Enquirer: 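Below you will find the structure I want to go over with you.
Remember, predicted model here, so these are calculated numbers, not experimental data.
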Amino acid sequence: GSPTLARLAELARDSNERLKAVELLIPAPLRPAVKAGPVDGPSWCLLVSNNAAAAKLRQVLPALQNRLRDRGWEVTSIRIKVQSSQR
């Protein structure tokens, strides 16, 4: 019912679809460490579990961005955020 919740659900769905579109470009050992993050207009965020995964992922960012553009998303930047572990 709530327009705000509907918008949040739409953004989450969009983010997950983006991750599915680029998943095969991410090296297989890294895939479990990468999660879809927030979409903020033309910027998208990927959440990673550690700094090593973030460093490796940065190497393939241009390919990810090109794939998203090829699939119709207007993405001007992809940010990578390392999630701090919850204890």
Side-chain angles (χ1 to χ4, degrees):
S2 168
T4 303
L5 288 177
R7 178 72 179 140
L8 286 174
E10 179 184 329
L11 287 172
R13 199 168 29 256
D14 180 44
S15 185
N16 286 322
E17 287 175 11
R18 290 175 189 220
L19 183 58
K20 285 179 190 169
V22 299
E23 189 173 41
L24 294 178
L25 297 175
I26 298 170
L30 285 183
R31 290 179 197 153
V34 180
K35 294 182 181 163
V39 174
D40 185 17
S43 179
W44 180 42
C45 182
L46 288 172
L47 307 173
V48 295
S49 59
N50 58 64
N51 288 325
K56 288 283 190 186
L57 194 58
R58 281 186 186 91
Q59 296 174 358
V60 297
L61 281 183
L64 302 183
Q65 205 166 338
N66 287 336
R67 171 69 56 90
L68 291 172
R69 282 195 201 115
D70 289 348
R71 299 274 172 95
W73 279 286
E74 293 295 323
V75 178
T76 57
S77 69
I78 299 174
R79 296 177 295 120
I80 297 173
K81 182 171 182 179
V82 178
Q83 291 186 302
S84 58
S85 59
Q86 299 285 331
R87 293 185 181 183

Enquirer: Apply salt bridge (Lys or Arg N to Asp or Glu O under 4.0 Å) to Asp14 and list each qualifying residue two or more places apart in sequence or on a separate chain.
Expert: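 Counting only residues at least two positions away or on another chain, Asp14 forms a salt bridge (Lys or Arg N to Asp or Glu O under 4.0 Å) with Arg18.
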
Enquirer: May I have all residue pairs that pass salt bridge (charged side-chain N to carboxylate O under 4.0 Å, His left out) and include part of residues 69-83, sequence neighbours excluded?
Expert: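 Salt bridge (charged side-chain N to carboxylate O under 4.0 Å, His left out) check on residues 69-83 returns no pairs.
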
Enquirer: Please table the atom pairs, donor to acceptor, closer than 3.5 Å between any side-chain atom in residues 46-55 and protein atoms at least two apart or in another chain.
Expert:
from, atom 1, to, atom 2, distance (Å)
Asn50, OD1, Ala52, N, 3.1
Asn50, OD1, Ala53, N, 2.7

Enquirer: Shortest non-hydrogen contact from Pro32 to Pro29?
Expert: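 Heavy atoms only, the tightest pair is CD-O, 3.6 Å.
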
Enquirer: Do the side chains of Ile26 and Leu19 get nearer than 4.5 Å, heavy atoms only?
Expert: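 In contact.
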
Enquirer: Are any non-hydrogen side-chain atoms of Val60 and Leu30 less than 4.5 angstrom apart?
Expert: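 They are not in side-chain contact.
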
Enquirer: Just to verify, what does Leu25 make a side chain to side chain contact (heavy atoms under 4.5 Å, CB included) with, not counting sequence neighbours?
Expert: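 Applying side chain to side chain contact (heavy atoms under 4.5 Å, CB included) to Leu25 gives Ala63, Leu64, Arg67.
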
Enquirer: Heavy-atom distance under 4.5 Å between the side chains of Val22 and Trp73, does that happen here?
Expert: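 The answer is no; the side chains never approach within 4.5 Å.
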
Enquirer: Calculate, to the nearest 0.5 Å, the distance between atoms CD1 and CH2 belonging to Ile80 and Trp44 respectively.
Expert: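 So the gap between those two atoms works out to 10.0 Å.
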
Enquirer: Is the count of non-hydrogen atoms from other residues, nucleotides or ligands lying under 6.0 Å from Asn66 atom CG greater than 12?
Expert: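 For Asn66, atom CG is crowded (more than 12 foreign heavy atoms under 6.0 Å).
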
Enquirer: Can you list everything that forms a side chain to side chain contact (heavy atoms under 4.5 Å, CB included) with Ser2? Sequence neighbours excluded, please.
Expert: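 Only Thr4, Leu5 meet the side chain to side chain contact (heavy atoms under 4.5 Å, CB included) criterion with Ser2.
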
Enquirer: For Glu10 and Arg7, run salt bridge (Lys or Arg N to Asp or Glu O under 4.0 Å): C-alpha distance rounded to whole Å, both residues' side-chain angles, the deciding distance at 0.1 Å, then the answer.
Expert: CA-CA 5 Å; Glu10 179 184 329; Arg7 178 72 179 140; 3.1 Å; yes

Enquirer: Of all heavy-atom pairs between Arg31 and Glu23, which one has the smallest distance, and what is that distance?
Expert: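 Minimum heavy-atom separation between Arg31 and Glu23: NE-O, 3.0 Å.
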
Enquirer: Would you please name every residue forming a salt bridge (Lys or Arg N to Asp or Glu O under 4.0 Å) with Glu17, sequence neighbours left out?
Expert: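 Per chain and number, Glu17 pairs via salt bridge (Lys or Arg N to Asp or Glu O under 4.0 Å) with no residue.
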
